[in-house]
Amino acid sequence: MRIRDVKIYALSAPLSEPFAYSQGWVESRGACIVEVIGEDGTSGFGEAFGPPKPVAAIVAHYAPELIGSDAFATDEIWQRLYNRLRDHGRKGLPIEAQSAIDIALWDLKGRALGLPIYRLLGGPLRTRVQAYATGFYRKRAGDPLKYLLEEAETRVASGFTAIKLKLGFGIEGDIALCRAVRKLVGENITIMVDANHAYDATAAIALGRQIEDYRIAWFEEPVPPEDWQGYRETKAALKIPIAGGEAEFTRWGFRKLIADRLLDILQPDTCAAGGISECKKIADMANAFGVRVNPHVWGTGIGMAAALQVLAVLPHNPPGLFPIEPVLEFDQSEHPFRMEVLQEPIVQRNGWVEIPTGPGLGVEIKRAALERFRME
Ligand code: CA
C-alpha cells in the first residue's frame, strides 16, 4: 500500500486551572497528531509527545518523502527518516516527529489488514493491564497537604490501586507528602514518586533514604536525564527501585542505560522514543539485560492506545507462573481533549484497562475534535 497523503494536526487547549510539576507551570495541553492516508483511502493516526508546532514542522519536512512510500515497510521508513536528520537531531523533536509517523503507519497497516497492531507484533502476551494514576500536581493556591490528600482519596475511590506522586518541590515537603499519603491510603495502595529530575544525586539520595519506609514502588527521574553517573549512584544508594527514560530516545539513546543497568525500570514514551517500531526494539534490548519496562504516557487517547499496543507485547522478565506485569501510566490531570479525540474513551475499571482489540490502534478518531482543538 502506497502512502497517498500526510495530514498534520497541531492541537492545543488552555487549562481551566494551571498546574505545576517540578520544572514549571502547565497552562495548556497540546499534541501533534499525524494522519497517514493510504492509496485506498485507509487512514492511520499517530501522536507525538512534545511541543506541537515544532514537531509539526518536522513532520511536514518529512511528508514529501513519505508520499509514494510503501506504508507497510515501517522499518525501512523508520531507518530512512532517522538517517535524514541523524546528523542534526538524534534526540528530541526529530524523533518525536518520527514517533507520530511510525505509530500512524502501524495503525494504517493494522486497519488495512484488519488486525490489531499487537497481532502484527506477535502478541498479545496480555489482554489487559493495571493502570496507575498520575497526577498530584501543585496548584497556585491552597495547602498541598490538603488538596493532594483529597486527590489521593478521589483516585482510590475511582478504582485505582496505584498512584504516583509528584515530588521535586523541596526535600522536606516531599517527605511530608509521602508520609501523609501513605498514612491516608493504608498499606494496600501502591505509591510511586516522580521528581521530574528536580535533584542532583546527593539530594535524591537524601530524599530517597527518608521515604524508603513508606514503601515506594519506584522513584522516577530522581536526577537529570544526562546525569548517568547520578543515576548509577542513586540506584546503588537506595532500596527504592529507580525509574526513568521518558526523556531518552531511540535504541542508541537507551543502550547505555540498559547495558550498564543504570536504572531498574525503563520508561520509553511510545510517542517520543521512536514510535512502536523503536519501543519494541528498546523493550527487547531491556529484556535481554533484565531491566523492566513501563512505558511513559502523557498525551491523548491516541498516544495511550499506542502505548497499550506496546504493553500488549512486552515480554515477561522473566516468564513464570506469577510474572511481574508491566503497568499503564494513566494521567488524571486536566486535559481538555485527552479522550475527546476518540469516539470511545479509554477507561479504567477497578484500576484495570482492557487493551483495545480493534484493527490498528483499536480506537476510532473523532475528526470533529481534531478540527475543534486545532491551533491557528
Ligand atoms: Ca514522569
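Counting starts at 1 for both ligands and their atoms, following the listed order.
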- Item | Reference residue Asn287; test side chain to side chain contact (heavy atoms under 4.5 Å, CB included); the match among Leu314, Asn317, Ile258, Val293 |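 Going through Leu314, Asn317, Ile258, Val293 one by one, the side chain to side chain contact (heavy atoms under 4.5 Å, CB included) with Asn287 is satisfied by Asn317 alone.
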- Message: Is it true that Gln130 and Thr161 share a donor-acceptor pair across their side chains at a distance under 3.5 Å?
- Response: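 Side chains of Thr161 and Gln130: pair found under 3.5 Å.
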- Under 3.0 Å from the Ca ion (ligand 1), how many protein N, O or S atoms can be found?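 Near the Ca ion (ligand 1), the number of protein N, O or S atoms below 3.0 Å is 3.
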- Task: Kindly write out the residues that satisfy ring-ring contact (aromatic ring centres under 6.0 Å, His included) with Tyr21, not counting sequence neighbours, or none if the list is empty.
- Result: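 Residues passing ring-ring contact (aromatic ring centres under 6.0 Å, His included) with Tyr21: none at all.
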- Please find out if less than 6.0 Å separates the ring center of Tyr82 from that of Trp252.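 Here the rings of Trp252 and Tyr82 have centres that are less than 6.0 Å from each other.
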- Members besides Tyr132 in its Ile/Leu/Val/Met/Phe/Trp/Tyr cluster (side-chain heavy atoms under 4.5 Å):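 For the cluster that includes Tyr132, the remaining residues are Met192, Trp218, Ile265, Val327.
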- Message: I need the full list of salt bridge (Lys or Arg N to Asp or Glu O under 4.0 Å) pairs touching residues 47-61, with sequence neighbours left out, sorted by first then second residue.
- Response: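 As it turns out, there is no salt bridge (Lys or Arg N to Asp or Glu O under 4.0 Å) pair with a partner in residues 47-61 once direct neighbours are skipped.
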